[in-house]
Amino acid sequence: MARISVPCSENLHNRMLKLFPWGTQAAVIRRVLELLCEQIEKEGVVVIELLISGKYNPIEGIKERGKLT
């Protein structure tokens, strides 16, 4: 399986260690990347700009279904 490495702040790393149960980080990141790829395939590369600028939240749909409120 191919691997990617993404630098992150110490603060983000600590948050991930605290919030994600052991063994789930890779699966979560993989799924988020799959969702982003699907959205980019549908809408085009503008999704990347919107994501980086904070104007697009790939998990927003969960709130709409009432799962995280």
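Linking ILVMFWY residues whenever their side-chain heavy atoms come closer than 4.5 Å, directly or via other members, places I4 and F20 in the same cluster. Both L19 and V6 are members of a single hydrophobic cluster when ILVMFWY side chains are connected at heavy-atom separations under 4.5 Å. At a threshold of 4.5 Å between side-chain heavy atoms, the hydrophobic network of Ile, Leu, Val, Met, Phe, Trp and Tyr places I59 and I29 in two separate groups.
Every residue meeting the side-chain hydrogen bond (donor to acceptor under 3.5 Å, both in side chains) condition with E34, not counting sequence neighbours, appears here in chain and number order: R31.
Residues P58 and L35 are not in side-chain contact: their nearest non-hydrogen atoms beyond the backbone lie 4.5 Å or more apart. The shortest distance between side-chain heavy atoms of M16 and L12 falls below 4.5 Å.
Annotation: side-chain hydrogen bond (donor to acceptor under 3.5 Å, both in side chains) contacts involving residues 8-27, sequence neighbours excluded, are absent.
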List, one per line, each side-chain donor-acceptor pair under 3.5 Å for residues 45-56, sequence neighbours excluded.
residue, atom, partner, partner atom, Å
S53, OG, E49, O, 3.0
S53, OG, L50, O, 3.1

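Within the model, atoms CD of E38 and CG of L33 stand 11.0 Å from one another, a figure rounded to the nearest 0.5 Å.
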